[in-house]
Structures are given as C-alpha cells and as structure tokens.
Amino acid sequence: MTSSVWTSALRHRLAWPLITLALLLIVNMAFNSSFLHIEWRDGHFYGSLIDILNRAAPLVLVSLGMTMVIATRGIDISVGAVVAIAAAVAAWMIGGSIAGTETRFPLPLAILGAVGVAGLCGLWNGTLVARVGMQPIIATLILMVAGRGIAQLITDGQIITIYYKPYFFLGGGYLLGLPFSLFIVSAVFIGLYLAVTRTALGLFVQAVGINPTAARVAGVQSRRLVMAAYTFCGVCAGIAGLLISSNVKSADGNNAGQLLELDAILAVTLGGTALTGGRFSLVGSVIGALIIQTLTYAIYSLGVPPEINLVVKAAVVFAVMLLQSPEFRTEMGALVRRPPAQGARP
Amino acid sequence: MSTTLTQAPSTPPTAASAPKAAGFKMNAKYLPLAATISLFLAMATMGSVLYTGFFSAQVFLNLLIDNAFLIIVAVGMTFVILSGGIDLSVGSVVALTTMVLAELVENRGWSPVVVIPLVLLMGSAFGGFMGFLIERYRLQPFIVTLAGMFLARGLCYLISVDSISITSESYGNLAQWRLPLGEDASLSVGAVIALVVLLLAVFVAHNTPFGRAVYAVGGNEHSAVLMGLPVRRTVIGVYTVSGFCSALAGVVFTFYMLSGYGLHAMGMELDAIAAVVIGGTLLTGGVGYVAGTLFGVLMLGIIQTLIAFDGTLSSWWTRIVVGVLLFAFCLLQRLLTHRVPRPS
C-alpha cells in the first residue's frame, strides 16, 4: 500500500524538482550549520534562507514570464537586455543627483516608465513572432543585440549611480520583517496563477503550445495570446530590472542581467516545462529558480574556488537532468533492483 | 519535435512560387537560399556605393579571413540544427580548445603536430558525449548543451584564469602564412581550412547516407525510426561533428589570436545560430542548406564591415545598427519566402 503511494507521489510532475531542492538544502545544511537559522535583527528577519529568497526574486520573476513564452512554443533570449533597458530608464528618470532627496521624475512615474518600456520591448518581440512570423529565437535575438545598445544610449554610455533612498526599498527594503521583493514576486505569481487557473487563459496558452494550427482553427485568438505572452515576459523582465538595479544601486547597460536568459530557461526546464511548448508549470518554474539560486549560494558559501564554479554548476545540471529522465531512472533501476524470480511466470 | 514536414515539391514549381520578373523558373525549395544570397549582394552593392574602397577583392576576402572560425562553427551547428537539435556549447569548446592548445604548446613544449589532432579528438569526444546523453536518455538538447557550455568554460578556468600567449615561432609562421590570389589579394590558412570544411560539409549533407539521415531525423524523428534509418548513430554523429568543428574552429582561432583564454569566443554560439537561421535553415529542423550558412556568416560579417567603414558610430550605436540590419534582413527574408509551404 505504501509503495504505491510512493510511486504515484514520485510520478508527480513536481516531485523531482522538489527532491532536488531538498537535496541542495541538505547539502547546504551539512556544510553550514547555521544555514536554517533565522533570527530577528534590525527590525526584520535575517538568515541564509531569507538571503536566498531575496536574491532569487529577479530570477523567479523572469522565469515566470519565460514560462508563459515557452508554453506558446516560443523562447525569449532578450530578457537580459530588457532588464538593462528597464534599469537604465528608471535610473535616468530618477536622475543621479548625489543629494539623494530629489528626482527628475516622481518615483511612481519612474517605476511605471521603466516597466512600461519593458512591456513595449515585449510587445515588439510578440509582434515579430506573431504577426511577422519570425522564428522566436531570431526575433528575440534582434532585441538582445540591439537592447544593450539602447540601454547604453539611455545612460549615455555611463553607469548611472542612484542615490535616491526610497528607490532602494524595492530591492533591499523590508515589509513586515520579510524582504519587499518577496511581496512583489508573490503578487505577480498569485495574479498569474489565478489568471491561468481560474480563467480559460491557461487552457488557451496550452492549446496554442501543443498545436497552434488546431488552436487557431478551434477559435483561440492565438496571435493575441502569443503577443500577450511576450509582453508579459517583458513586463516581468522590467520589474526584475528594477529589483536588480535597486539592489546594486546603479544601472549598468553592459552587465545588468548578463546570462539571465540562460538561467531563466534553465529554471523553467528544471521545473518540468518542456521547451517544445504546451503543458507548463508555474510552481515548477519557481522551484527551478530556487534550485539555481540555492546552488549558487551553496557554491559561494562552500568556499569553492571561483574557477570550479561553472564545473560544479554543470555537474549539478547534468545530475538533475539525468534524474528527471525516465530512461535513466529505468536503467539505474535495472542495475539496482533484482530481476523478478525465475519461473514465476506461467 | 513531431511536426510533419511539408517539403516544397521537387517537381517544377507552380507559378505562385516562381519569381515574377525573371523568365526562368526556379525550384521553390531554393527560394530561401536565393533570398539570402540576393540580400547579401544588395548589401555589398550598397556598401560599394556608399564607401570608397569597399569594392575591392581583399575586403571580401577579409570577410572570409576574419570569420573563418565562425564559418567552421556554423557549419557544425548547421548539421545539429538540421537534425532538429541545438548546440549551445560551441563557443565554450572553442575557448577550451585554445586553452588546451596554448597550455600544451606553450607551457609544456609539446609539438603542434601532436597537439592539434589531440584537441580535435577532444572536441569530437566532448560532442559525442553530449550526443550520447541526448539520445540515450531522451534529454533536451538545449539543456544538455547548456550544461556542456558551463562545463567547457569551467574547465578553461581550471587550466588557467589568465590568458596564455603562444610565442612559439613555428606556430607564428603558420599563422602568418598567406595563400596569394592575384596581385593584392590573399587568404589566410584559417580561411582555406574554412572553405575546405564548407565544401566537405556540402558534399556530406547532400551526397552521403549520413547527410540524408540528418535531414530525415530533423524532419520527423519518429518517421525516420520507422523507415529504418540509424537514428541513434545520426544524432550522436551530428553532435560529434559539431564538437569536431568547434575544436577545429578553436585551432583556427589560435592562428588568429595566438593565445588561449577562457573568455575567448563568448557569445559565439548565438552568432553561429543566427548565421545558420539567416542562411535559411529552420530551427525546427529538416529544412535548409549548408551553403546558406556561408552566406549567413558573410551577412553578419558584412554588417560589421559596413559599420567599420562608416567609422563614426560609438560602441552602443554599433549594437543598435547591427540589430536594425538583422531585423531588416530577417523581415525581408520572411516577406520573400512566406509563400513557401512550411511545417507549422
């Protein structure tokens, strides 16, 4: 009775991502005895777990947006560039005055401006993919190449340092003891989850991803859905850009969001969504992003020399992929399990 | 990816797919390649008109010399994409090759005659390993090659974090060698290797069972299995070819840079994928020509050359202009070929 409960639990889509996350947390605990320790300090919760959640916030946001895009059989490799653009717009609108008390535009307007521009970038991508019919990787490659140039154009080639204190609350502030970025991410996640499960949106997105022609023939507005998915991805990248630039207190057109797209795609795939589109899992993507962040944290806190960083990351990705592959588990299972007793079959 | 391939008919095309102005009828399946070539020629003409000195043989040969390693990498990538996969590790394997080569030739004093075949073997083995994982355990190529990319870069940094210059004289002489073509023009050894690899690849893709199997697997893997084609060997084979090409490109890269460095060839995989797709190959697989990849690379090269000839653009405007030109090109390509039936 218990074995069938186990096997059906293991067959759940989120089983392996959760197991991987649990394993990584255990590894962290083994090497760092105070890993799970959370205490109240300076008016907020303080601990390694809080740190991981705070740093993972931008990646979780971008992964959520990327999940919707991948579910429609697309891909968006321009998110790093959009992060840089959003950060540049926000920094420009706030202005670099050293006084730290005044801004060129009011803060809400700056935030809206940055997120709006990011949404426009996403809309551009969506138009290229849905209306012009370009392959998603090429359509988003264009913005990836040009986007960093646009970000540097906005900042005039400099790295704009932000001194305006209320802006730092976005990425580094605490509300009710928990990081404010957590609230932003939760709001986006809950909003998206409700939209996808409580309305027909999730069904339509899956239909477009599984079979675009059939979806179109069945009456699903596939073009608008695809454009909306890319726009949403852009908006998520914009918010992530605000969080990142708020954390480092500057906007760097060149380096902000570097390699973020690869981490986001990795998070989505680790969470169980296939790159071929169709069925997607929002919770899986969140777990995938947390896996990547916990892994990065483990590598840094273990004191692994920075040269071995990438090799360890590669090894973990290989291991997770192999564990998630049914063929591998069957093969390993055959090695470990005893064959059924001879002569048992009639 | 189990889309069915609706290939353009190989019999004489219908009137709708033939170019209207010309009197001759072109086989519809060559339309994307023709679009790429004609757009490349249009860009070359525009450059010759706008800038003096653009229309010289050496400028065009420089396109080949400066992008020789990208041509080799993109040829390997073409095979992978034709089979329906993708290989993100190529740039990192190039860097790893330069690192291993520089370390062995410079610091250990090994002879290049021994080291070069060794690194080629290493690249092929790396690619073959990734192909094995992809095929045996049904893993997604994107993720496996992404992990391969991290692994190769990581191994680079394990060898050395700094760059290693190659100061050996024989190596320098080999790098400086030029094949004279006429009075002012010449090709470097890297460009010659690139052209040889390209011709070999065109031959393999169209005239060997392996090439045919690659197209079949890319079109519909399930059908290929049912037809009795050696799908497993083909999949492992394309990634081995890609690894070999990346290693060869790494060797050519050392001729170009005379150093090994972990930060070499950053982002080269994206350039290769862009070149392949611009050359008319579909990312879903089964459709495309290796020759198109050459023009894809030349396209990227001529954009850079145009910007260099202009000389007035700052670094970020350069990026924007590259993006705009890419966009214009892809848009035109899409408009010119949207009549060709494509797999949905």
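Letters A, B, ... are given to chains in the order of the sequence lines, protein chains preceding strands, and every chain is numbered from 1.
Qualifying salt bridge (charged side-chain N to carboxylate O under 4.0 Å, His left out) partners for A:Glu331, counting only residues two or more places apart in sequence or in other chains: B:Arg136. Judged as a side chain to side chain contact (heavy atoms under 4.5 Å, CB included), and not counting sequence neighbours, the contacts of A:Phe204 are A:Ala200, A:Val220, A:Leu225.
Judged purely by distance below 3.5 Å, without hydrogens or angles, the side chains of A:Asp76 and A:Ser78 pair a donor atom with an acceptor atom. In this structure, a donor-acceptor pair under 3.5 Å is absent between the side chains of B:Thr145 and B:Ser89. Checking B:Thr78 against B:Thr293 by side-chain atom types alone, a donor-acceptor pair falls below 3.5 Å.
For the set A:Ala139, A:Gly277, A:Ala314, A:Gly149, the entry with the most heavy-atom pairs within less than 4.5 Å of chain B is A:Gly149. Per-residue counts of heavy-atom pairs under 4.5 Å with chain B were compared for A:Val312, A:Leu275, A:Val316; the largest is that of A:Leu275. Considering only heavy-atom pairs separated by less than 4.5 Å from chain B, the leading option among A:Pro136, A:Gly157, A:Pro326, A:Ala151 is A:Gly157. Per-residue heavy-atom pair counts under 4.5 Å with chain A were compared for B:Val161, B:Leu88, B:Val144, and the maximum is reached by B:Val144.
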Salt bridge (charged side-chain N to carboxylate O under 4.0 Å, His left out) evaluation trace for A:Asp252 with A:Arg148 | CA-CA 10 Å; A:Asp252 186 354; A:Arg148 297 222 172 254; over 6 Å; no

Between B:Gln140 and A:Thr269, is a side-chain contact (heavy atoms from CB on, under 4.5 Å) present by the stated rule, with each step listed?
-> CA-CA 9 Å; B:Gln140 301 204 40; A:Thr269 325; 3.7 Å; yes

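A distance-only check finds a donor-acceptor pair linking the side chain of A:Ser245 to the backbone of A:Gly241 [under 3.5 Å].
Heavy-atom distances place the side chain of A:Ile138, and not its backbone, under 4.5 Å from chain B. Within the 4.5 angstrom heavy-atom criterion, no atom of A:Ile154 approaches chain B. Interface remark: A:Ile77 contributes side-chain atoms only to the contact with chain B (heavy atom separation under 4.5 Å). Interface remark: A:Leu141 contributes side-chain atoms only to the contact with chain B (heavy atom separation under 4.5 Å). Contact of B:Ile159 with chain A is not made at all, since no heavy-atom distance falls under 4.5 Å. Using a 4.5 Å cut-off between heavy atoms, B:Ile143 contacts chain A through both its backbone and its side chain. Proximity to chain B involves both the backbone and the side chain of A:Ile142, based on heavy atoms less than 4.5 angstrom apart. For chain B, the nearby part of A:Leu128 is the side chain; its heavy atoms alone come within less than 4.5 Å. Only the side chain of B:Leu133 comes within contact range of chain A, judged by heavy atoms closer than 4.5 Å. Heavy atoms closer than 4.5 Å to chain A are found in both the backbone and the side chain of B:Leu151.
Atom CZ of B:Arg232 has more than 12 neighbouring heavy atoms from other residues, nucleotides or ligands inside a 6.0 Å radius.
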